[in-house]
Amino acid sequence: MKITTAEFVNSVSDLNQLPTAHLPEIVFIGRSTVGKSSLINKICNKSKLAKTSSVPGRTRMLNYYLINEEFYFVDLPGYGYAKVPEQIKTGWRKLVEEYISTRKNIKLVFELMDSRHDPTYLDQLMVNWLEYYEINYAIVLTKADKISSNKMERQIYRTSKIVSNDDLCKDYVPFSAISGEGKDTVVKLITESLNS
Ligand SMILES: Nc1nc2c(ncn2[C@@H]2O[C@H](COP(=O)(O)OP(=O)(O)O)[C@@H](O)[C@H]2O)c(=O)[nH]1
Ligand SMILES: [Mg+2]
């Protein structure tokens with residue numbers, strides 16, 4: 001498969017506003033500034049499709065993008081930004097867990113983690129949820145251009161410690177939005193999940 005069209009559809013903050021579940025959904029999760037928007041832009045070859053920022057956003061929205069008029073990319077709100085008030089953190093957990101546990105058309109979740117850091121408590125929590133709800137996922141190690149390939153190997157090993165179910169965890173993908181490393185693998189995983 002090749003991504004030929006990608007259009008922003010809308011942002012929703014309430015699960016009652018989700019589009020009808022008639023198209024498959026590919027989901028992107030990770031902490032704020034991990035590189036989700038940059039990855040979406042890179043694989044869609046559209047530099048301004050998803051807004052990127054080095055400053056963590058405070059909005060708690062799910063962003064929907066229609067790809068090839070066949071399926072959706074869903075960009076979930078980023079987590080783990082320390083300065084967010086407790087009330088918003090609780091809202092985030094509820095929104096994300098409810099989405100993951102109830103949305104039947106999710107085909108694959110990309111769990112993004114910064115390749116320079118060990119998984120955080122919230123990364124671990126996300127992986128636990130995905131495994132508990134039996135959702136296929138792949139771990140993307142972002143900003144690969146910032147570390148050596150030796151360090152990347154070590155980081156994949158360290159990250160694999162939080163995975164318990166190797167059947168659900170489809171792959172570990174080093175990714176760089178700058179060099180394009182990992183782009184083909186991400187698209188291949190999407191294609192496989194849509195065909196399965
Ligand atoms: N060097 C490098 N910087 C990146 C990469 N991906 C994202 N960034 C930077 O990290 C910051 C956050 O990226 P963004 O895509 O907005 O993260 P999001 O909050 O997860 O959507 C921005 O300043 C990006 O330019 C990457 O692969 N390599
Ligand atoms: Mg973003």
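Positions are given from 1 along the sequence. Numbering of ligands and ligand atoms starts at 1, following listing order.
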Which atom of [X] lies closest to which atom of [Y], heavy atoms considered:
X     : Y      : answer
Lys36 : Pro77  : NZ-C, 4.1 Å
Val34 : Asp114 : CG2-N, 3.5 Å
Ile3  : Cys44  : CG2-CA, 4.1 Å

Only one of Tyr64, Phe73, Tyr65 forms a side-chain contact (heavy atoms from CB on, under 4.5 Å) with Phe8, so which one is it?
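In the set Tyr64, Phe73, Tyr65, the residue that makes a side-chain contact (heavy atoms from CB on, under 4.5 Å) with Phe8 is Tyr65.
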
Given Leu130, Ile139, Val127, the one that forms side-chain contact (heavy atoms from CB on, under 4.5 Å) with Val109:
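So, applying the side-chain contact (heavy atoms from CB on, under 4.5 Å) to Val109 and each of Leu130, Ile139, Val127, only Leu130 qualifies.
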
Before you tell me yes or no, could you show the steps for Leu95 and Leu15 under side chain to side chain contact (heavy atoms under 4.5 Å, CB included), namely the whole-Å CA-CA distance, both residues' side-chain angles and the distance that decides it to 0.1 Å?
CA-CA 7 Å; Leu95 183 71; Leu15 296 186; 3.8 Å; yes

Which N/O atoms of ligand 1 sit under 3.5 Å from a protein N/O, and at what distances?
unit_1: ligand 1; atom_1: 1 (N); unit_2: Asp145; atom_2: OD2; d: 2.8
unit_1: ligand 1; atom_1: 10 (O); unit_2: Lys143; atom_2: NZ; d: 3.0
unit_1: ligand 1; atom_1: 15 (O); unit_2: Ser37; atom_2: N; d: 3.4
unit_1: ligand 1; atom_1: 15 (O); unit_2: Ser38; atom_2: N; d: 2.8
unit_1: ligand 1; atom_1: 15 (O); unit_2: Ser38; atom_2: OG; d: 2.6
unit_1: ligand 1; atom_1: 16 (O); unit_2: Ser53; atom_2: N; d: 2.8
unit_1: ligand 1; atom_1: 16 (O); unit_2: Ser53; atom_2: O; d: 3.3
unit_1: ligand 1; atom_1: 17 (O); unit_2: Gly35; atom_2: N; d: 3.1
unit_1: ligand 1; atom_1: 19 (O); unit_2: Thr33; atom_2: N; d: 2.8
unit_1: ligand 1; atom_1: 20 (O); unit_2: Val34; atom_2: N; d: 3.3
unit_1: ligand 1; atom_1: 20 (O); unit_2: Gly35; atom_2: N; d: 2.9
unit_1: ligand 1; atom_1: 20 (O); unit_2: Lys36; atom_2: N; d: 2.8
unit_1: ligand 1; atom_1: 21 (O); unit_2: Ser37; atom_2: N; d: 2.9
unit_1: ligand 1; atom_1: 21 (O); unit_2: Ser37; atom_2: OG; d: 2.9
unit_1: ligand 1; atom_1: 27 (O); unit_2: Asp145; atom_2: OD1; d: 3.4
unit_1: ligand 1; atom_1: 27 (O); unit_2: Ala177; atom_2: N; d: 2.8
unit_1: ligand 1; atom_1: 28 (N); unit_2: Asp145; atom_2: OD1; d: 2.7
unit_1: ligand 1; atom_1: 28 (N); unit_2: Asp145; atom_2: OD2; d: 3.4

Would you check if the Mg ion (ligand 2) lies under 2.8 Å from any N, O or S atom of Ser37?
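Under 2.8 Å: Ser37 contacts the Mg ion (ligand 2) through an N, O or S atom.
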
